Trainee: 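Just passing along the structure, written as structure tokens.
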Amino acid sequence: MTQTDYAAMERPIFEAWKDAGYFQRTPGFGEHAGESYTIVIPPPNITGVLHMGHALNDTIQDACIRRARMRGFQTRWIIGTDHAGISTQTKVDKRLAEQGISRLEIGREAFIEECYKWYEEYGTTIVNQIKGMGCSCDYDDEHFTLEPAYVRAVRKLFVDWYRDKLIYRGKRIVNWCPSCTTAIADDEAEYVDEAGHLWYLRYPLTEPVDGLEYLVVATTRPETMLGDTGVAVNPKDERFGHLVGRTVKLPLVDREIPIFADWHVDTEFGTGCVKVTPSHDPNDWAMGERAGLERINIFDETAHVVEGYGEFTGLSRDEAREAVVAAFEALGLLDHVEDHDHSVMTCYRCHTKLEPWESEQWFVAVDGLKEAAARVVEDGSIQFHPARWKQVYLDWLANLKDWCISRQLWWGHRIPMFYCDDCGWEDASVDEVEVCPVCGAPVRQDDDVLDTWFSSQLWPFATMGWTEEGMDAPQMRTAYPTQVLSTARDIMGLWVARMVMASMYCCDDTIPFEDVIIHPTVMAADGKPMSKSRGNGVDPLRLMEDYGADGMRYGLLMQVTGAQDMKFNEAKLESSRNFANKVKNASRFVLMNLEGYEPGAPEPVTPADRWIFSRLAKIVAAVDDGYDNFEFGDITRELYGFVWNEFCDWYIEFSKARLAEGADRSDRAACQRNLVFVLGQILRLLHPIMPFITEEVYAEMPKDEEAAPMLIVAPWPNAAELARFVDEEAERSIAMVCEVVGAVRSTRSRYGISPKVALPVAVKVAAEADAALLLAQAHLIGQLANVEEFEVAVETSKPAESAVVLGSGLEVYIVLAGHVDFDAERARLARERDGVAKDVAKFEKKLSNPGFLAKAAPEIVEKDKAKLADLADKLARIEAQLAELG
RNA sequence: GGUCGCGUGGCGCAGCGGGAGCGCAGGUGCCUUACAAGCACAAGGUCGGGGGUUCAAAUCCCUCCGCGACCACCA
């Protein structure tokens, strides 16, 4: 098999779209002229390369934006990249380390320069890959979350929230990544199950009570005992009530710490006594707050034990654990150890175990923001697709806690807080502050940067001129809110909800987007998430090489369902590539039969024309419906079936005789026009999903003067206008033709009769009207089934030595005299009789059920009665034929 | 612990109250002048198990089993 070079075909088409300016805000046309339709792409990280999630998500967005463009909207798909704080810093660190350079040696400024170098080198990679997919983004107005205007937007929001007291600074326990040496937000932490242990440690009482010398506490993290400042018991726990107020002498560090009561303690777990380390556990922190306990930080920023702990100082968390357990054992204070599975928090970036760590951080008070974000989803201003994600979103908001936004990194938006160390002045400012406005001394800016999501939340409007002109910016006035946001389910809270909160705050209570598509996650063929470590990933770039961008796009959308995952199925891409090929071949057929073509309005003349026009009208309506509900799987399956199984398999076949030499000239012209019309509509319907091949074919199609220069801006099929072509009689007529053709073909196949041998055929139909319809299409049957002496009648008897095929409302007799062994036919009829008899019995039972007759909808009863009559009749006829065959 | 998704022919999935469908793989026959990445034809399923509602259940309810996701807790 020769491999097609898809890129070679696709690239020039992409360039042509781009050069013609169709990716920028097109003016629009028709009934939607002047209405805008905007999508913001979830900005890929500058460290990223295209993966399957992008491939699917970007296909969805491109399909939406291309259809909107074809419907005449002024469209814009905003593209750009995210500076990706932790991720980029980690990669640049690694790259420097390979050269033997440490970030700390070269300092902040030089390091940031290195990050920009990375951005220059790799930041365009993923954008180029998105271009390779054919995505019609506005590449001439690309954005970056660290571009100057964006930086001002971030600072503006920080300052506004600071003034509104929605941002505050506090010393809190946060999730600390000792590897990235930064705080991360609660929702950036990932929980991983771990097979661990529960160590039971003995804490001697300072003074024995009633002969009791020690308490036993259970812990999964014995090393943190160095920072214990209390032991908690449940206030209702009778075992320990009398000990509350006493103290224990903490081993190894010789610290006297109180025993106190707190409702948080679970009497069922462990021993009912809990060691409390406020600085290294969020629950202990809370208990410590309530009990007024001392807070002792035993770890440095890389999670090594700090000075002052003797042999333990300088040990890592794991080393300290071993050492502490060994020391307890040596002292006879290790009661016992149990196996215990629990989950540990890890860094979503580097997967290092996080350390709850006390530090000073900046927070966003979410209570003032989350209500508005919940309201606009509750009242339907923002709709989720599938709808069930609405609840997930609302639950996320309901459980939201204050958001830690400071990160101890260098790459990112530096927190715009300025401090005067001389007089203690401090303030937030959009502009740089050099000297203290109070005392004139030099000031310093906060060293930390903001969480990357802090800048991401501004994406829909910071990319539209909001920074300088706010809601008066031209784009904000005309194109905000945007229409659709499509994204993966895992960043629903992290990103989607925060965009809503930020937009409601910044943009005068305006929502950022109207519809949110949560697409399924692309899982590997084994049903597991694609990952490097599993080695089960699939590379979209390879898929585009093998199936073309069109094949990949179509094949991915075909797999989209309302479920939360989709198991990646490469076979669908293969089918899609074959489908694209089919479209091209069908087009070739049409184009090579256009000799003497004269343009004109399409007008269905034959029943076949009326049938395909009717089917087209219904498909257009179904496709529109699919887009309106964001059901991409339905759209692709619907189109696949129509184009392949109706247009190609039947309509083109029907057309061949009409196009042949010697055919009626005016009918030939009508046929040409209708083929061009239907194919043209098909190209439009397929274009949002398979943009390249459809554009390529469109270039070859005959066009009149008003025709759009390229398919990308050709008008989308108009369902309302096409509705006049719906024609049930034509559909019935062609359905009968297909049935008769199928009957003859199947009989030939069964008896091994070559298509080259013409066979006489008689058809018995139920009504005179059907006879007329069918007889009028005798030529089609002759053409597709090689039939001679074709007869149709309501009253006709089965010809001698013929096979019979029973259809719905008709009976096809194929004369096989001289071709067939009738024993085989007899056996086949007997088998069919048994099948029909079974169905008859089933319907008789159903129709003799008084409940059914009384309660079922009348039309259902009528339908089933007719069905039974039909089946009974069929059965009788089979019996008759069997009798005749002897 | 809570919430949600999925279990339909060999494989991947549609269908979600009225006689089980699609694609792929497999079978048979075809180089039929658009297409062998194709054409034609045939075969293949007690719709995870059990119970219930209903005249009628793959479809609704309950329950169990099996996969999976998210949130909370986990000393």
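Proteins get letters first, then strands, A, B, ... in listed order; numbering begins at 1 in each. Model, not experiment: these values are computed from the prediction.
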Trainee: Check for me whether the distance between the ring centres of A:Y393 and A:F384 falls short of 6.0 Å.
Mentor: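 Judged by ring-centre distance (under 6.0 Å), A:Y393 and A:F384 do meet the cut-off.
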
Trainee: Would you kindly give the CZ-to-P distance between A:F647 and B:A34, to the nearest whole Å?
Mentor: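 Result: 13 Å.
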
Trainee: Could one point to a donor on the side chain of A:Y6 or the base of B:A37 with an acceptor on the other under 3.5 Å away?
Mentor: yes

Trainee: Answer with base, sugar-phosphate or nothing: what part of the nucleic acid does A:K567 contact at a heavy-atom distance below 4.0 Å?
Mentor: sugar-phosphate

Trainee: Please work out if A:A857 contacts a base, only the sugar-phosphate, or nothing of the nucleic acid, heavy-atom cut-off 4.0 Å.
Mentor: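 Counting heavy atoms under 4.0 Å across all strands, the contact made by A:A857 includes a base.
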
Trainee: Looking at every strand, decide which applies to A:M566 at a 4.0 Å heavy-atom threshold: base, sugar-phosphate, or nothing.
Mentor: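 Counting heavy atoms under 4.0 Å across all strands, no contact is made by A:M566.
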
Trainee: For A:T561, report the nucleic acid contact type (base, sugar-phosphate, nothing); a contact means any heavy atom under 4.0 Å.
Mentor: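 Sugar-phosphate, backbone atoms only, no base.
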
Trainee: Between A:K370 and A:L400, is there a donor-acceptor pair closer than 3.5 Å when you use the side chain of the first and the backbone of the second?
Mentor: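 Present.
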
Trainee: Take atom CE of A:M523 and atom C1' of B:C6, then tell me their distance rounded to the nearest Å.
Mentor: 11 Å

Trainee: Determine the interatomic distance between C1' on B:G7 and the same-named atom on B:G48; round to the nearest Å.
Mentor: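 Their C1' atoms lie roughly 6 Å apart.
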
Trainee: Can you name the salt bridge (Lys or Arg N to Asp or Glu O under 4.0 Å) partners of A:D281, sequence neighbours left out?
Mentor: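 Here no residue qualifies.
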
Trainee: Take atom CE of A:M592 and atom C1' of B:C35, then tell me their distance rounded to the nearest Å.
Mentor: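 About 11 Å, once rounded to whole Å.
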
Trainee: 5'-most contact on RNA chain B: A:K846 or A:Q559, nearest heavy atom basis?
Mentor: A:Q559

Trainee: Between B:G68, B:C35, B:G18, spot the one nearest the side chain of A:D565, thanks.
Mentor: B:G68

Trainee: Considering only distance and modelled atom types, tabulate donor-acceptor pairs under 3.5 Å from the side chains of residues 215-222 of chain A, sequence neighbours left out.
Mentor:
{"from": "A:T219", "atom 1": "OG1", "to": "A:R221", "atom 2": "N", "distance (Å)": "2.9"}
{"from": "A:T219", "atom 1": "OG1", "to": "A:R221", "atom 2": "O", "distance (Å)": "3.4"}
{"from": "A:R221", "atom 1": "NE", "to": "A:E223", "atom 2": "OE2", "distance (Å)": "3.1"}
{"from": "A:R221", "atom 1": "NH1", "to": "A:E355", "atom 2": "OE2", "distance (Å)": "3.0"}
{"from": "A:R221", "atom 1": "NH2", "to": "A:E223", "atom 2": "OE2", "distance (Å)": "3.2"}
{"from": "A:R221", "atom 1": "NH2", "to": "A:E355", "atom 2": "OE1", "distance (Å)": "2.9"}
{"from": "A:R221", "atom 1": "NH2", "to": "A:E355", "atom 2": "OE2", "distance (Å)": "3.2"}

Trainee: Which part of the nucleic acid, if any, lies within contact of A:L591, taking any heavy atom under 4.0 Å across all strands shown: a base, the sugar-phosphate backbone alone, or nothing?
Mentor: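 The residue A:L591 makes no contact with any strand.
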
Trainee: Check the distance between B:A34's P and A:L594's CG and give it to me in whole angstrom.
Mentor: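 In whole Å, B:A34 P lies 13 Å from A:L594 CG.
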
Trainee: If we take the C1' atom in both B:G68 and B:G9, what is their distance in whole Å?
Mentor: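 It comes out at 24 Å once rounded to the nearest Å.
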
Trainee: So does A:H264 get a side-chain nitrogen or oxygen closer than 4.0 Å to the phosphate oxygens (OP1/OP2) of B:C74?
Mentor: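 True: A:H264 side-chain N/O within range (under 4.0 Å) of B:C74 OP1/OP2.
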
Trainee: Polar atom pairs between nucleotides 22-30 of chain B and protein, under 3.5 Å, N or O only, would you list them?
Mentor:
{"from": "B:G23", "atom 1": "O2'", "to": "A:S575", "atom 2": "OG", "distance (Å)": "2.7"}

Trainee: With A:I860, which residues qualify under side chain to side chain contact (heavy atoms under 4.5 Å, CB included), at least two apart?
Mentor: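 Counting only residues at least two positions away or on another chain, A:I860 forms a side chain to side chain contact (heavy atoms under 4.5 Å, CB included) with A:F852, A:A857, A:D864.
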
Trainee: Which pairs, with at least one residue in residues 581-595 of chain A and sequence neighbours excluded, count as a salt bridge (charged side-chain N to carboxylate O under 4.0 Å, His left out)?
Mentor: A:K584-A:E696

Trainee: Classify A:K584 by what it touches in the nucleic acid, base, sugar-phosphate, or nothing, heavy-atom distance under 4.0 Å.
Mentor: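 Touches nothing.
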
Trainee: Within this structure, what is the OH-to-P distance between A:Y554 and B:C13, rounded to whole angstrom?
Mentor: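 Distance, rounded to whole Å: 19 Å.
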
Trainee: Could you measure between the two P atoms, the one in B:U8 and the one in B:C13, and give it in whole Å?
Mentor: 9 Å

Trainee: Just the rounded figure in Å: distance from P of B:A72 to CE of A:M345.
Mentor: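 To the nearest whole Å, that distance equals 10 Å.
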
Trainee: Applying a 4.0 Å non-hydrogen cut-off, can you work out what A:D395 is touching in the nucleic acid: base, sugar-phosphate, or nothing?
Mentor: nothing

Trainee: Assign A:R489 to base, sugar-phosphate, or nothing according to its heavy-atom contacts below 4.0 angstrom with the strands shown.
Mentor: sugar-phosphate

Trainee: With C1' as the reference atom in both, quote the distance from B:A57 to B:G17 in angstrom, rounded to an integer.
Mentor: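 Rounded to whole Å, the distance is 6 Å.
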
Trainee: Atom CZ of A:F384 and atom P of B:U3: how far apart are they, to the nearest Å?
Mentor: 20 Å

Trainee: Describe the nucleic acid contact of A:E653 in one word from base, sugar-phosphate, nothing, applying a heavy-atom distance below 4.0 Å.
Mentor: base

Trainee: Students often get this wrong, so: under 4.0 angstrom with heavy atoms, is A:N593 touching a base, only sugar-phosphate, or nothing?
Mentor: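 Touches nothing.
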
Trainee: Does the side chain of A:N578 come under 3.5 Å of the side chain of A:E574 through a donor N or O and an acceptor N or O?
Mentor: no

Trainee: Taking the P atom in each of B:G49 and B:C11, what is the distance between them to the nearest angstrom?
Mentor: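 Between the two P atoms, the distance is 15 Å.
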
Trainee: Distance check: side-chain N/O of A:K528 vs OP1/OP2 of B:C67, anything under 4.0 Å?
Mentor: no

Trainee: Figure out the CG/C1' separation between A:N581 and B:G38, and round it to whole Å.
Mentor: 9 Å

Trainee: Using distance alone, with no hydrogens and no angle criterion, decide if A:Y651 and A:E646 have a side-chain donor and acceptor under 3.5 Å apart.
Mentor: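 Side chains of A:Y651 and A:E646: no pair found under 3.5 Å.
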
Trainee: Tell me the stems RNA chain B sits in, counting at least three consecutive Watson-Crick or G-U wobble pairs, each under 3.5 Å on both distances.
Mentor: B:1-7 with B:65-71, B:10-13 with B:21-24, B:27-30 with B:38-41, B:48-52 with B:60-64

Trainee: Any base atoms under 4.0 Å from A:V392, or only sugar-phosphate, or nothing? Heavy atoms, all strands.
Mentor: nothing

Trainee: Could you go through A:F642 and A:F647, starting from their C-alpha distance and side-chain angles, then the distance that decides it, and tell me whether this counts as ring pair (Phe, Tyr, Trp, His ring centres under 6.0 Å)?
Mentor: CA-CA 6 Å; A:F642 172 68; A:F647 181 69; 7.1 Å; no

Trainee: How far, in whole Å, is B:C24 from B:A36 if one measures between their P atoms?
Mentor: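 16 Å, rounded to whole Å.
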
Trainee: RNA chain B: A:F589 or A:N283, which has the more 5' nearest nucleotide?
Mentor: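 This one resolves to A:F589.
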
Trainee: For A:E631, check side chain to side chain contact (heavy atoms under 4.5 Å, CB included) against everything at least two apart and list the hits.
Mentor: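 So A:E631 forms a side chain to side chain contact (heavy atoms under 4.5 Å, CB included) with A:N629, A:D634.
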
Trainee: With sequence neighbours left out, write down each residue that passes side chain to side chain contact (heavy atoms under 4.5 Å, CB included) with A:N536, or none if nothing qualifies.
Mentor: A:A524, A:D526, A:K528, A:M530, A:S531, A:R534

Trainee: With the side chain of A:D649 defined as its heavy atoms from C-beta on, choose the nearest nucleotide among B:C73, B:G5, B:C39.
Mentor: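 Among B:C73, B:G5, B:C39, the one nearest the side chain of A:D649 is B:C39.
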
Trainee: How would you list, by chain and number, every residue that makes a ring-ring contact (aromatic ring centres under 6.0 Å, His included) with A:Y203, sequence neighbours excluded?
Mentor: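 Scan of A:Y203 (ring-ring contact (aromatic ring centres under 6.0 Å, His included), adjacent residues dropped) gives none.
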
Trainee: Is A:I619 close to A:L639 at the side-chain level, that is, under 4.5 Å between some pair of heavy atoms?
Mentor: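 Of all side-chain heavy-atom pairs linking A:I619 with A:L639, at least one is under 4.5 Å.
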
Trainee: What residues from residues 740-748 of chain A pass a heavy-atom cutoff of under 4.0 Å to RNA chain B?
Mentor: A:R745, A:S746

Trainee: Not counting sequence neighbours, which residues clear side chain to side chain contact (heavy atoms under 4.5 Å, CB included) with A:A758? List them please.
Mentor: A:N786, A:E788

Trainee: For the side chain of A:A563, starting at C-beta, report the closest nucleotide among B:C6, B:C71, B:C74.
Mentor: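 In terms of side-chain proximity for A:A563, the closest of B:C6, B:C71, B:C74 is B:C6.
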
Trainee: Using atom C1' in both nucleotides, what's the gap between B:U46 and B:A42 to the nearest angstrom?
Mentor: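 So the two C1' atoms sit 23 Å from each other.
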
Trainee: Between B:G21 and B:A58, how far apart are the two P atoms, rounded to whole Å?
Mentor: 14 Å

Trainee: Please name all residues satisfying ring-ring contact (aromatic ring centres under 6.0 Å, His included) with A:W389, sequence neighbours left out, ordered by chain then number.
Mentor: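 So A:W389 forms no ring-ring contact (aromatic ring centres under 6.0 Å, His included) with any residue.
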
